[in-house]
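When reading the values below, keep in mind they use all heavy atoms of this one structure, side chains included, and skip hydrogens, waters and symmetry mates.
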Amino acid sequence: MVPFGQAKIRPSVLACPPMICQPLFVNFLSLIEAKRDGKALACDDIRLFVTAYVRGEIPDYQVAALLMAIYFRGLNAEETRVLTLAMRNSGDVLKFPEDPRPIVDKHSTGGIGDKVSLPLAPLLACLGFRVPMISGRGLGITGGTLDKIESIPGFSTQLTRERLIAQVQEIGVAMGGQTPTMVPADRLLYALRDVTATVPSIPLITASILSKKLAEDISALVLDVKFGSAAFMQRRGQAHELAINMTKIANESGVKTRAMITDMNAPLGRAAGNWLEVKESIECLENRGPEDLRELVIDSAAHLLVLTNRARDLAAARQQASDMLASGAPRRKWDELLVAQGADINAFNEKLRRERIANMVVEVRSDRDGFVSRCDARMAGELVRDLGGGRLTKDSVIDFDVGIDGIKPIGSQVKCGDVLCRVHVRTLEQADDAMNRMQVAFEISREPVQRPPLVVEVL
């Protein structure tokens, strides 16, 4: 028990023998005061702050105060760049051998049904890239890539730095989680932001995302920055500002970067829920997946081909990516990836063949003739989370097999009684609740409706 008013110092993340490490900050309060008053922080002070916090020398309550000051006062471009690089350098940075294959990655700010990374990673490997895809978990209604791939029997996402590098060199791709020694500053700062209401800060979001990506030793990066009802950024203007910040700092840090701003008012693809999204990703790799998912996969690959000078323009790059996807090689590369990371291929294929894994499937049907004018992505994401497919806290146990599939896309013509979607549930009680909630999530118009563009801007 720590007496009221006394600081509780968090243990150091970086081991430091007693009596050797000298405190880096004698007066951290001066930084808090400077940012509180709207002043720019000195670059050296930002670097010292990150190092000292990771070493456990600054109490959480003081760092929380600085984060709140940043939330209200912001950081300029130079402060954000220095913070990003200091966070990247707070732990291990991957270093790959010299190789003609460029090292690339993709990051999405998260959405409902966003499984683009799954088919994209093997496609990029087949296009001659190296892809060290270090991903995160879902929190709240947005799904995480790690949760999706952990629904595959036996698949291990815990890769050491050495194993990750060796696998990428051998087969061109690895998909795993952040190691304990990679970017520890982000892990500590994000946990504190999460409990101090300072997550929605564009400079802090920028530093969090890019510090992890820059630690991968990549030469090119494509960003999918989403806006809409189920996106972190509700308004397009917010997404634009975040995309500008991230592309500027990434490019200044030596990583060729392009950002797509995409609509997340409706679910991406036709499925939402961990295993159901894996299943739909396989359909995409087999050239029978939904068109909007395929569009984002192809566009992401195409931008990376252009950024690395492996295609003369975007049209040629799209054709190159499309031809490769159609060849079947990325589907075979997917199986190679699964074997490399310990998955049971026979169990995986058996699971793919099954119509459902959850106890029951309920159908949500249209109560009129017309055209689908809305499928609220936020309502769909909240339902999947409440079924157990997402997290209410970081410690929540995920049910990989619940979710929604067969979602009718915007613009679809339907007749009364047609199935709008199917919900995979565990209990009858869940089934009744799911029916009611998804019935409200859909709107049916009497007049034809055009699907809004998915990619609304490229920066």
Problem - Side chain to side chain, Ile70 and Thr198, heavy atoms closer than 4.5 Å - result: no

Handout entry: Side-chain donor or acceptor of Arg55 paired with backbone N/O of Glu57 under 3.5 Å
Key = no

Problem - Ile152 side chain reached by Phe400 side chain, heavy atoms, under 4.5 Å - result: no

Problem - Side chains of Gln319 and Asp323, donor plus acceptor under 3.5 Å - result: yes

Completion exercise
Nearest heavy-atom contact between Arg47 and Ala86 is CA-CB, 4.2 Å

Problem - Rounded distance (nearest 0.5 Å) linking atom CD of Gln158 with atom OG1 of Thr179 - result: 9.5 Å

Handout entry: Derivation and outcome, side-chain contact (heavy atoms from CB on, under 4.5 Å), residues Met233 and Ile202
Key = CA-CA 10 Å; Met233 298 296 179; Ile202 285 179; 3.9 Å; yes

Practice task
May I ask you to test the Phe232-Leu242 pair for a side-chain heavy-atom distance under 4.5 Å?
Solution key: no

Problem - For the student: nearest non-hydrogen atoms of Asp344 and Ala347, plus distance - result: OD1-N, 3.0 Å

Exercise for the section: Return yes if some donor-acceptor pair links the side-chain N/O of Asn287 with the main-chain N/O of Leu325 below 3.5 Å, else return no. Expected result: yes

Problem - Considering all heavy atoms, the nearest Ile249-Ala77 contact - result: CD1-O, 4.2 Å

Handout entry: Leu189 and Ser208: CA distance, side-chain angles, deciding distance, side-chain contact (heavy atoms from CB on, under 4.5 Å) verdict
Key = CA-CA 9 Å; Leu189 288 171; Ser208 177; over 6 Å; no

Practice task
Determine the interplanar angle of the Phe348 and Trp334 rings, folded into 0 to 90°, and report it as parallel if under 30°, tilted if 30 to 60°, perpendicular if over 60°.
Solution key: tilted

Handout entry: Side-chain donor/acceptor of Ser219 to backbone N/O of Ile103, under 3.5 Å
Key = yes

Practice task
Compare every heavy atom of Gly172 with every heavy atom of Arg101, then report the nearest pair and how far apart it is.
Solution key: NH1-CA, 4.0 Å

Handout entry: Flag, side chain of Ser151 to backbone of Lys148, donor-acceptor distance under 3.5 Å
Key = yes

Handout entry: Stepwise side-chain contact (heavy atoms from CB on, under 4.5 Å) check, Leu293 with Val116
Key = CA-CA 7 Å; Leu293 173 60; Val116 170; 3.9 Å; yes

Fill in the blank from the handout: OG1 of Thr247 to CD of Glu252, rounded to nearest 0.5 Å, is 9.5 Å

Exercise for the section: Return the minimal non-hydrogen interatomic distance between Met260 and Ser300, and the atom names on each side. Expected result: CE-OG, 3.4 Å

Exercise for the section: Please name the pair of heavy atoms, one in Asp60 and one in Leu192, separated by the smallest distance, quoted to 0.1 Å. Expected result: O-CD2, 3.6 Å

Problem - Asp401/Lys351 under salt bridge (charged side-chain N to carboxylate O under 4.0 Å, His left out): CA gap, chis, key distance, verdict - result: CA-CA 11 Å; Asp401 302 326; Lys351 196 172 180 181; 3.3 Å; yes

Problem - Summary of salt bridge (charged side-chain N to carboxylate O under 4.0 Å, His left out) pairs that have at least one residue in residues 293-311, sequence neighbours excluded - result: Glu295-Arg451, Asp299-Arg318

Completion exercise
The side chain to side chain contact (heavy atoms under 4.5 Å, CB included) partner of His303 among Thr308, Val458, Val104 is Val458

Problem - Glu216 side chain to Asp105 backbone, donor-acceptor under 3.5 Å - result: no

Fill in the blank from the handout: Separation between CZ (Arg270) and CD (Glu291), nearest 0.5 Å, reads 9.0 Å

Practice task
Decide yes or no for Leu204 and Leu83: does some side-chain heavy atom of the first lie under 4.5 Å from some side-chain heavy atom of the second?
Solution key: yes

Completion exercise
dist Arg258:CZ -> Asn251:CG (nearest 0.5 Å) comes out at 9.5 Å

Practice task
Output yes when Glu355 and Arg422 qualify as a salt bridge under the 4.0 Å nitrogen-oxygen rule, no when they do not.
Solution key: yes

Exercise for the section: Report yes or no: does Lys333 contribute a side-chain atom to a donor-acceptor pair with the main-chain N or O of Leu124 at less than 3.5 Å? Expected result: no

Problem - Any donor-acceptor N or O pair under 3.5 Å, side chains Asp405, His424 - result: yes

Fill in the blank from the handout: One should read off an interatomic distance between Thr80 OG1 and Leu210 CG, to the nearest 0.5 angstrom, of 10.0 Å

Completion exercise
Paired with Leu221, the side chain to side chain contact (heavy atoms under 4.5 Å, CB included) test is passed by just one of Ile209, Thr257, Leu304, namely Thr257

Practice task
State whether the side chain of Gln238 and the backbone N or O of Arg235 hold a donor-acceptor pair below 3.5 Å, judged by distance alone.
Solution key: yes

Handout entry: Verdict with reasoning, Leu159 to Ile134, per side-chain contact (heavy atoms from CB on, under 4.5 Å)
Key = CA-CA 10 Å; Leu159 304 177; Ile134 297 174; over 6 Å; no

Problem - Arg130 and Gln169, any side-chain heavy atoms less than 4.5 Å apart - result: yes

Exercise for the section: Check step by step if salt bridge (charged side-chain N to carboxylate O under 4.0 Å, His left out) holds for Arg332 and Glu336. Expected result: CA-CA 6 Å; Arg332 294 189 293 274; Glu336 193 177 354; over 6 Å; no

Handout entry: Trp275 CH2 to Asp399 CG distance, which is reported to the nearest 0.5 Å
Key = 13.5 Å

Problem - Crowding at CD, Glu286 (>12 non-hydrogen neighbours, <6.0 Å) - result: yes

Exercise for the section: Would you check if Leu66 and Phe49 make a side-chain contact, meaning some heavy-atom pair closer than 4.5 Å? Expected result: yes

Handout entry: Backbone N/O of Ser229 and side chain of Arg378: donor-acceptor pair under 3.5 Å
Key = yes

Handout entry: Contact check, side chains of Phe155 and Val278, non-hydrogen atoms, under 4.5 Å
Key = no

Exercise for the section: Could you tell me whether the side chain of Val455 reaches within less than 4.5 Å of the side chain of Leu296, counting heavy atoms only? Expected result: yes

Practice task
Give every residue pair that meets the salt bridge (charged side-chain N to carboxylate O under 4.0 Å, His left out) criterion with at least one member in residues 81-96, sequence neighbours excluded.
Solution key: Glu78-Arg81, Asp92-Arg161

Problem - Donor-acceptor pair, side chain of Glu79 and main chain of Cys43, under 3.5 angstrom - result: no

Fill in the blank from the handout: The side-chain hydrogen bond (donor to acceptor under 3.5 Å, both in side chains) partners of Asn309 (sequence neighbours excluded) come to none

Exercise for the section: Indicate whether the side chain of Ser108 and that of Lys226 have a donor and an acceptor atom separated by less than 3.5 Å. Expected result: no

Practice task
Flag yes if more than 12 heavy atoms outside Arg312 fall under 6.0 Å of its CZ atom; otherwise flag no.
Solution key: no

Practice task
Spell out, as yes or no, whether a donor-acceptor pair under 3.5 Å connects the side chain of Asn274 to the backbone of Gly389.
Solution key: yes

